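I have placed the structure first, in the form of structure tokens, so that the comments after it can refer back to it.
Letters A, B, ... mirror the listed sequences (proteins, then strands); counts begin at 1. What you see is a predicted model, and the numbers here were worked out from it, not measured in a lab. Both backbone and side-chain heavy atoms feed into the values below; hydrogens, waters and symmetry mates do not.
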2 protein chains.
Amino acid sequence: MWILLVEDEKQLASSVQRGLEEEGHVVEVMHDGEQAELQGLVNDYDVVILDWRLPNRDGKQILEHWRAEDRTFPVLMLTALSDLDHKVSGLDAGADDYMSKPFSFEELLARIRALGRRSSEMTNTETVSAGPIELDARKHWVKVCGIKRSLRPKEFILLELLLKEPETVFSKTQIAERVWGSPYYVSDNTIEATISTLRQKLSESFEECKEMSFEQSPKVIETIRGAGYRLNSDIVNIEQDTRE
Amino acid sequence: MWILLVEDEKQLASSVQRGLEEEGHVVEVMHDGEQAELQGLVNDYDVVILDWRLPNRDGKQILEHWRAEDRTFPVLMLTALSDLDHKVSGLDAGADDYMSKPFSFEELLARIRALGRRSSEMTNTETVSAGPIELDARKHWVKVCGIKRSLRPKEFILLELLLKEPETVFSKTQIAERVWGSPYYVSDNTIEATISTLRQKLSESFEECKEMSFEQSPKVIETIRGAGYRLNSDIVNIEQDTRE
DNA sequence: ATGTTTTAAGCTTTATTTAAGGTTTTATTG
DNA sequence: CAATAAAACCTTAAATAAAGCTTAAAACAT
């Protein structure tokens, strides 16, 4: 999932980030309220984790603004134990769940999962698939024609992104944000190189699918010049002429 | 077992915690009613020990809420001797057993054991196993090919965790919580070192299994880079193709 | 004093990014 | 309408960085 974490205690933030990333999520961290607010106006995260006490703006203000602008992602609010009375006002403001610090990771993960289930993108399905490709983010595997393949973390998340919304074109900027967790510091070439190795692994895999004898490996990940990449979900119909 | 202990008298709590940990359980302690309530909504403990008098919420309220939300773990309620009349209302509210303070530790252990036997995770099978590895949490032994092995406490609990849910990937953060009882203060390296010694002991053991002559010790505990560890339950099928 | 756990250090393996040179497509211009 | 230039993209290998492993020694606990 694509998660925004707004938390100014840097140490807590980074340990939460790590825990979530270990679970296979992509986490964007913001320490500043104002910045976070803008970010939430612009991106459709699967879940937002929002600290209630922040520099520049408090969590409630931010959340109210988001809801006023019809941002619908689920929000999990974090409060200090001493601020428990904020719970009600937070839920009124449109939070979907709340948690007080300190908390256990198992608990956080479970809540994130619960919220994500509500979220549009994650609807129920643990595994996503297109044609002979299946991917289970929770269990950390990808299968091509039923055979497990190992991908590196970045390749894995990238494929997951494309699989979840086949036919959708993702720009490099979007990919940077949703795979690397930040649109900055990621060069185009980094993305190109990752796409390249991912394609290689996929087409090697196809070659080993004897049952479905491909004349040539279908191009699963298409390049849309000047725009980005997309997953071609027609890969089931192999005998088609793939020329335009 | 994974136990939640809800008790506001800190001294009592920590001595009970210690006692249970010596028995090989993983104990999470909460002193606050409200926090504990949330914790119980989210985690599937094997047993919960719940004090009846608590700050912020009383035990009965908490338990009723849990049961209303279909939380099925067994709950052992603790009451002060003077509150013995609460016994009936407590059992009505869904407690599985009760005990009045002060109590003997032996008695507590016996009751925990009894409850644990009922618990979903431990259901009827006292021992968990995968291939030639068997582990009995209650009797505190591990056998590899029928031969008893001694493991240190942390190694033991870690193996138990992995064995109970083979194929599931546990992240370092999760392991920290479920083996050490807290996701904080446990460094990666601590976990790595424990995994390392555990693996060594397991593979030494395999080498002594003449009957099942392994070409090389199968890798029972797999590392999923960037994600965590998991137990490979295919260890029975030794002639498997281990290629990816 | 003994067994256990944690830390520290050096090491190995794997992943990611960069860099360089190559294609292909699109745009420009003689 | 070529020819050429420019941009976007691809590929591979090398360099860098990160994650994990192992061992011994220090710290902790019983």
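- For A:A193, the side-chain atoms get nearest to D:dT12 when compared with the rest of C:dT16, D:dT12, C:dT4.
- In the set C:dA20, D:dG20, C:dT16, D:dG20 carries the atom at the smallest distance from any side-chain atom of B:E192.
- The number of heavy-atom neighbours closer than 6.0 Å to NZ of A:K139, taken from other residues, nucleotides and ligands shown, is 12 or below.
- Close to D:dC10, at under 4.0 Å from its OP1 or OP2, lies no side-chain N or O of A:S196.
- Regarding A:H140, its NE2 atom lies at a distance of 14 Å from the P atom of D:dA19, rounded to whole Å.
- Nucleic acid contact class of B:Y229 (heavy atoms, under 4.0 Å, all strands): sugar-phosphate only.
- Taking the six-membered ring where tryptophan is involved, the planes of B:H140 and B:F156 are essentially parallel, since the angle between them stays under 30° and well short of 60°.
- For the atom pair A:T168 OG1 and A:L161 CG, the distance stands at 9.0 Å (nearest 0.5 Å).
- When the side-chain nitrogen and oxygen atoms of A:W180 are compared with OP1 and OP2 of C:dT17, one or more of them lie within a distance under 4.0 Å.
- Side-chain contact check for B:L158 versus B:L151: every heavy-atom pair is 4.5 Å or farther apart.
- Rounded to whole Å, atom P of D:dC9 lies 14 Å from atom CD of A:E222.
- Checked by atom type, the side-chain pair B:E28/B:W2 shows a donor-acceptor distance below 3.5 Å.
- Nearest-nucleotide mapping onto DNA chain D: of B:T223 and A:K172, the residue sitting toward the 5' end is A:K172.
- Regarding contacts with the backbone of D:dT12, a side-chain N or O of A:Q200 is found under 4.0 angstrom from either OP1 or OP2.
- Base engagement by B:T190 is indicated by at least one non-hydrogen atom pair under 4.0 Å involving a base atom.
- Between the side chain of B:N189 and the base of D:dT22, at least one donor-acceptor pair of N or O atoms lies under 3.5 Å.
- Heavy atoms of A:F156 sit nowhere under 4.0 angstrom from any nucleic acid atom.
- Put simply, CG on B:L198 is 12 Å from P on D:dC21, counting in whole angstrom units.
- Looking at the side chain of A:R225, the nearest of the listed nucleotides C:dA9, D:dC9, D:dT23 is D:dC9.
- Straight-line distance from the CD1 atom of A:I195 to the P atom of D:dA8: 17 Å, rounded to whole Å.
- Taking atom CD of B:E21 as the reference point, atom P of C:dT5 lies 11 Å away to the nearest angstrom.
- Two residues, A:R199 and A:R18, neighbour DNA chain D, and the one matched to the more 5' nucleotide by heavy-atom proximity is A:R199.
- In this structure, B:L158 atom CG and C:dT5 atom C1' are separated by 14 Å, rounded to whole Å.
- Residue-level contact check: B:S187 touches the backbone only, with heavy atoms under 4.0 Å from sugar-phosphate atoms and none from bases.
- Along DNA chain C, the nucleotide nearest B:L151 and the nucleotide nearest B:V186 are compared for position; the residue whose nucleotide lies closer to the 5' end is B:L151.
- At a threshold of 4.0 angstrom between heavy atoms, the contacts of A:T194 with the nucleic acid are absent.
- Ion pairing of B:R149 with B:E155 is absent here, as no side-chain N (NZ or NE/NH1/NH2) approaches a carboxylate O to less than 4.0 Å.
- The nearest whole Å value for the distance from the CZ atom in B:R152 to the P atom in C:dT2 is 17 Å.
- Rounding to whole angstrom units, CD of residue A:E155 and C1' of C:dT14 are separated by 12 Å.
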